[in-house]
Novice: 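Handing you a structure now.
Throughout, a chain's letter reflects where its sequence line sits, starting with A, and its residues are numbered from 1. Note that this is a predicted model, so its numbers are computed, not measured.
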Amino acid sequence: MAQEQKQPKKSSETEEAVETAPETDVNERKEALDSDVDDILDEIDDVLETNAEDFVKSFIQKGGQ
Amino acid sequence: MGTEVEYGISVAGQPQANPMVASSQVVNAYASSTLKARRARWDFEEESPLRDARGFDMSRQVADPSQLTDEDLGLANVILTNGARLYVDHAHPEFSCPEVTNPLDAVRWDKAGEQVMLDASRAAARLPGNPQIHLYKNNTDNKGVSYGAHENYLMRRSTAFADIVKHLTPFFVSRQVFAGAGRVGIGQERPKHGFQISQRADFFEVEVGLETTLKRPIINTRDEPHADPEKYRRLHVILGDANLAEVSTYLKVGSTSLVLAMIEDGYITRDLSVDGPVSALRAVSHDPTLKTLITLKDGRKLTGVQLQMEYLDLAKKFVEERYGSDADHQTKDVLERWESVLDRLERDPMECATELDWVAKYKLLLGYRDRDGLEWDDPKLHLIDLQYADIRPEKGLYHRLVRAGRIERLLTDDLIEKAMHDPPTDTRAYFRGRCLEKYSENVAAASWDSVIFDLPGRESLQRVPTIDPLRGTKKHVGGLLDSSDTAMDLFNRLTGS
């Protein structure tokens, strides 16, 4: 799974590199990140309970510790 | 040490269903489908839920009925071959882990508890006439109710309780920066809109106390050691969130163990006392940017992450001074991960989205807000919060993230599966679990500190005390258990008769 971690530990060098990167690179990175988030959202859309409002309303618990 | 988790429960299509009945159905279905012979009952003899660590007993008359946890109400209550207790506590099914000696094992049996609950709910659904019951590893319904995920740590009795309160409270106020499970909604009843780090923070109202169901305290004083009370106390921690992410649980119990070891050792001389810990606990939780400043009694102002860094700094020095290069691998690993997580949380919390529950959940929620233009009051965001904790692999959003390779694991499925059945080998849970597995016909009851045998030809039940948590290990009794074919053999050899 490590290979799919989108935000691996950065060494200080790479961090500096990001800070000084040209604007376009940053935008590209943001787009890549957005599409990455969109992928998982699409996947999750398929499993979310269908009626969010009813589901949330009816999730009622009795007291616990 | 060990964890105990109360699971949220919902009956599909029946929001008014009685949760005690549903919880019992879950526990009983698991017992019927897995336990071979007679079902050992829980032995309540040594329980004392009203004993206070500050040195007195609360009277039964003034106690809230929910505090009388030593009364056998006939609710389902079984002991498993892995040494765990599976039962109905209040209105929730609960899995109490067997005793373990290290953080990774705590994670392992905590995760095994999720799988036991999953099997239990599926077994319940297979019974004719039973509805579908779904379980959630979370801590609130967002309608004013909270249920717990407790941790227990064995400590030396000689440690002054006042020292525990003094040095542990600031740690607990800030531990949520990595141990929080994330929550949509702020406040107890009729929550305001927004996201916060912790499921539980808003339900804590006092600094120290005995209660667990009302006026919840940051430091709980229940003094029920389940071990020799002259030597030990059991620190009962009720503040934490139920975590799904393995790294969150690992760091939660790992860092807490280290802080407790320092307190036992008298190592902490720095005073990190927080001014108004209850409101500080909430303030930290309410700020996912982690910039909120906590005021210490000495006037310093630190963020939650910086307060954790103070403890980390102490722990690194403590381990170095006391153990040096002899420090075990896991202790070093906890220190390294703790440091790495704190560094990244300080830089940008989002860097921890593959490790920590609250960040993973927050990232998902922000994604939905961005893509669909949702406000924090949108039912869909509340749904995501709840469904993150659904323990079914096909529905639970935590599980979907794991499957997509977006959450770091510490354990394999195989190790967790084994822990559903096998006890840890290095505590008394080994003796309890193996007895349940091998002599189930003859075990009438058991508890943390006893196994009670019903032996052929004996009129009365025979109680074997297991008062020392570190005896009854595989090393200690493995050979004896292997070579005793019957419970009678075992009992005779244990008692020398």
Novice: How far does CG of A:Leu48 sit from CG of B:Leu386, to the nearest 0.5 angstrom?
Specialist: 11.0 Å
Novice: Given heavy-atom pairs under 4.5 angstrom as the criterion, report whether the side chain, backbone, both or neither of B:Asn138 touches chain A.
Specialist: side chain
Novice: About how many Å separate CD of B:Gln16 and OG of A:Ser58, when rounded to the nearest 0.5 Å?
Specialist: 9.5 Å
Novice: Examine whether an atom of B:Tyr136 lies under 4.5 Å from a heavy atom of chain A, and if so say whether it belongs to the side chain, the backbone or both; otherwise answer neither.
Specialist: side chain
Novice: Testing the basics here: between B:Ala404 and A:Ile40, what is the closest heavy-atom pair and its distance to 0.1 Å?
Specialist: CB-CD1, 3.7 Å
Novice: Select one option (side chain, backbone, both, neither) describing which atoms of B:His150 are under 4.5 Å from chain A's heavy atoms.
Specialist: side chain
Novice: Would a distance-only check, ignoring hydrogens and angles, find a side-chain to backbone donor-acceptor pair under 3.5 Å from A:Gln61 to B:Thr140?
Specialist: no
Novice: Test of understanding: with side chain to side chain contact (heavy atoms under 4.5 Å, CB included), list the residues that count as partners of B:Lys143, not counting sequence neighbours.
Specialist: A:Phe59, A:Ile60, B:Asp141
Novice: Would you give the length of the straight line joining atom CD of A:Gln65 to atom CG of B:Asp89, rounded to the nearest 0.5 angstrom?
Specialist: 4.5 Å
Novice: Please classify the contact between B:Leu364 and chain A as side chain, backbone, both or neither, with a heavy-atom cut-off of under 4.5 Å.
Specialist: both
Novice: To the nearest 0.5 Å, how far apart are CG in B:Leu383 and CG in A:Asn51?
Specialist: 9.5 Å
Novice: Which value, rounded to the nearest 0.5 Å, describes the distance between A:Ile44 atom CD1 and B:Leu397 atom CG?
Specialist: 5.0 Å
Novice: With chain A as the partner, which of B:His382, B:Lys395, B:Lys380 has the greatest number of non-hydrogen pairs under 4.5 Å?
Specialist: B:Lys395
Novice: Are any of the side-chain nitrogens in B:Arg371 or A:Asp45 under 4.0 Å away from the carboxylate oxygens of its partner?
Specialist: yes
Novice: What part of B:Ile9 is in contact with chain A, defined as an atom under 4.5 angstrom from a non-hydrogen atom: side chain, backbone, both or neither?
Specialist: both
Novice: For the atom pair CD (A:Glu43) and CG (B:Leu401), what is the distance rounded to the nearest 0.5 Å?
Specialist: 8.5 Å
Novice: Please state whether the side chain, the backbone, both or neither of B:Glu394 comes within less than 4.5 Å of a heavy atom of chain A.
Specialist: backbone
Novice: If you measure from the Lys or Arg side-chain nitrogens to the Asp or Glu carboxylate oxygens, is any gap between B:Glu6 and A:Lys62 under 4.0 Å?
Specialist: no
